[in-house]
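Order of the sequence lines sets the chain letters (A, B, ...), proteins ahead of strands, with each chain counted from 1.
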Protein chains: 2
Amino acid sequence: MAGLGHIPEATVARLPLYLRALGEVTPSEQSTVSSEELADLSGVNAAKVRKDLSYLGTYGTRGVGYELDYLKFEISRALGLSNTWPVVVCGLGNLGRALANHTGFTDAGFPVAAAVDTDLDKIGATIDGVPVFAPADLSEVVNEFEIAIGVIATPASAAQGVAEALVEAGVKSIMSFVPTVLTVPDDVELRVVDLATELQILGFHLHRSNGKAGM
Amino acid sequence: MAGLGHIPEATVARLPLYLRALGEVTPSEQSTVSSEELADLSGVNAAKVRKDLSYLGTYGTRGVGYELDYLKFEISRALGLSNTWPVVVCGLGNLGRALANHTGFTDAGFPVAAAVDTDLDKIGATIDGVPVFAPADLSEVVNEFEIAIGVIATPASAAQGVAEALVEAGVKSIMSFVPTVLTVPDDVELRVVDLATELQILGFHLHRSNGKAGM
DNA sequence: CAATGTGAACGGGTTCACAGCC
DNA sequence: GGCTGTGAACCCGTTCACATTG
């Protein structure tokens, strides 16, 4: 039944997938989707889709499916997608530069408003349209650009310090690409994307099945 | 008790963290770690650490802890880290180039042996020490370099095709950074890193707690 | 006594299956 | 008839608490 009461974390993580999938449906061809279709499009099974959507309080129509536009709207709203959340990228190494320049961020409503780096050659410059500042100015940058999310892509040694500076400046959401344990207050949401670990997990399975090197 | 019988997926995902944490301990200072210490270093709680390690069949010593070197060795072995798994990066856009150049991969035992791109200017060239080939040559590349893992960082429209080409060439592990649903056979391990989705999840929580835009 | 190893309780998430409704 | 919405069963992973052991 109804209730935005409390959406399970696992469901929240799938809402973006549903939204993207719905974007691939052409409204002129069909004005409605079934849980089955949405399941195929999003790579999730149909029972899960229905249960997830039920948490939104979004009603489909039995025997018919979900009204396409309405569903998009509901999911967007649940995700808070009407807002725009400016991002600051901290650390402009390989990865940081790629992230600062990543169109997927802006497309999803998370414009990279500023970057921070220790390199004096970069500070004051504009890289791919993104102004670069000194770490010492982080607090000002956060205020100035109304930064909502900090992305950390510094060397491991600098990461904890940057995280603390972000928290100090009032940032409540951090996404880290650095392979270190970061400690932040409870009210700060931290998501870690750990590329080396991901590969090692793949490696585990290779090792387990093959036993041998090579392919 | 003993038994490499079957390590739970959740445990596998934490083994790399433990290994990294153990690397931060100086063996000259201490030859042993407790589950408590390892918990702090890896950002996991102690009970979980003990249960995880118990799956490895690795014995610590009650009242003492785990022997540092032995534990490192055991975890490395479980992860299959004695092997080296060459990687091919497919798609040399912003992100692809950063990944091809990412030292964290090589450091973790996953050297980027080759890259693939459609850009004729890049094909035949070497970017940051990585030779670039045409997509049509993917199969040869996989054989030649004994590629174990394919990283996909192409535009969304090309991703499924690349995935199929990788599978066709015999690759059994794929890591995708592309925001699309990829379909691969059951015996192929697929891990998806979806940056926009990650941000949207952060956005959800911002939205939920703040209600307002800005910071 | 200190710290491991582990059965048992717990909890969140997934799957099932079917009643309910258009 | 077809598809949603959802209680109930199930499964996996986490946490607890304590017996066990060097």
Side-chain angles (χ1 to χ4, degrees), chain A residues 1-18 21-22 25 30-72 74-75 78 201 204-205, chain B residues 1-18 21-22 25 30-72 74-75 78 201 204-205:
Chain A
M1 240 199 190
L4 305 172
H6 186 216
I7 304 179
E9 200 46 40
T11 296
V12 172
R14 282 188 295 266
L15 292 180
L17 305 184
Y18 298 147
L22 291 172
V25 178
Q30 54 181 135
S31 62
T32 192
V33 273
S34 68
S35 60
E36 196 77 49
E37 284 177 278
L38 186 47
D40 288 349
L41 289 167
S42 60
V44 174
N45 76 50
K48 226 184 276 186
V49 169
R50 289 201 298 278
K51 185 137 269 189
D52 284 343
L53 296 184
S54 78
Y55 291 120
L56 296 187
T58 306
Y59 291 164
T61 310
R62 293 172 201 235
V64 179
Y66 302 87
E67 210 268 299
L68 186 59
D69 290 331
Y70 181 53
L71 187 54
K72 280 188 192 172
E74 282 297 320
I75 296 178
I201 296 169
F204 171 84
H205 294 289
Chain B
M1 237 193 196
L4 305 171
H6 184 216
I7 304 178
E9 200 48 38
T11 296
V12 172
R14 282 187 296 265
L15 293 180
L17 305 184
Y18 298 147
L22 291 172
V25 178
Q30 54 180 138
S31 64
T32 191
V33 273
S34 68
S35 60
E36 197 77 48
E37 284 178 279
L38 186 47
D40 288 349
L41 289 168
S42 61
V44 174
N45 75 50
K48 226 184 275 187
V49 168
R50 288 201 299 278
K51 185 138 270 192
D52 283 343
L53 295 185
S54 79
Y55 291 120
L56 296 188
T58 305
Y59 291 162
T61 309
R62 294 173 200 234
V64 179
Y66 301 88
E67 210 268 300
L68 186 60
D69 289 332
Y70 181 53
L71 187 54
K72 279 188 194 173
E74 282 297 320
I75 296 178
I201 296 169
F204 170 84
H205 294 290

Would you say [X] reaches [N]'s phosphate, i.e. side-chain N/O to OP1/OP2 under 4.0 Å?
| X | N | value |
| --- | --- | --- |
| A:Tyr66 | D:dG5 | yes |
| A:Tyr55 | C:dG12 | no |
| A:Ser35 | D:dT4 | yes |
| A:Asn45 | C:dT15 | yes |
| A:Arg50 | C:dC16 | no |

Requested in this report: Measure the spacing between CD of A:Glu36 and CZ of A:Arg50 and express it to the nearest 0.5 Å.
Outcome: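 Reported value, rounded in 0.5 Å steps: 8.0 Å.
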
Using whole Å, what does the distance between atom [atom2] of nucleotide [N] and atom [atom1] of [X] come to?
| X | N | atom1 | atom2 | answer |
| --- | --- | --- | --- | --- |
| B:Gln30 | C:dA3 | CD | P | 12 Å |
| A:Glu67 | D:dC3 | CD | P | 17 Å |
| A:Glu36 | D:dG1 | CD | P | 19 Å |
| A:Leu53 | D:dT6 | CG | C1' | 13 Å |
| B:Asp52 | D:dT15 | CG | P | 11 Å |
| B:Asp40 | C:dA3 | CG | C1' | 15 Å |
| B:Lys48 | D:dA17 | NZ | C1' | 18 Å |
| B:Glu9 | D:dC11 | CD | P | 18 Å |

Query raised in the report: Given side chains that start at C-beta, do those of B:Leu71 and B:Tyr18 come closer than 4.5 Å, heavy atoms only?
Result: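 No, side chains not in contact.
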
Query raised in the report: Are side-chain heavy atoms of A:Ile7 and B:Phe204 found at a separation under 4.5 Å?
Result: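 They are in side-chain contact.
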
Query raised in the report: Among B:Asp52, B:Leu53, B:Val44, whose side-chain contact (heavy atoms from CB on, under 4.5 Å) with B:Leu38 holds?
Result: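 Testing each of B:Asp52, B:Leu53, B:Val44 against B:Leu38, the sole residue satisfying side-chain contact (heavy atoms from CB on, under 4.5 Å) is B:Leu53.
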
Query raised in the report: Any N or O donor-acceptor pair linking the side chain of B:Arg62 to the base of D:dT20 at under 3.5 Å?
Result: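 A donor-acceptor contact between them is present.
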
Report task. State which of D:dT14, C:dT14, C:dG13 makes the closest approach to the side chain of A:Pro8. Result ->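 The closest nucleotide is C:dG13.
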
**Report entry** Residue met sooner reading DNA chain C from 5', once B:Ala47 and B:Val64 are mapped to nucleotides
**Finding:**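 It is B:Val64 whose nearest nucleotide is closer to the 5' end.
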
Query - A:Glu9 versus B:Ile201, closest heavy-atom pair with distance - result: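 Here A:Glu9 and B:Ile201 meet closest at OE2-CG2, 3.9 Å.
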
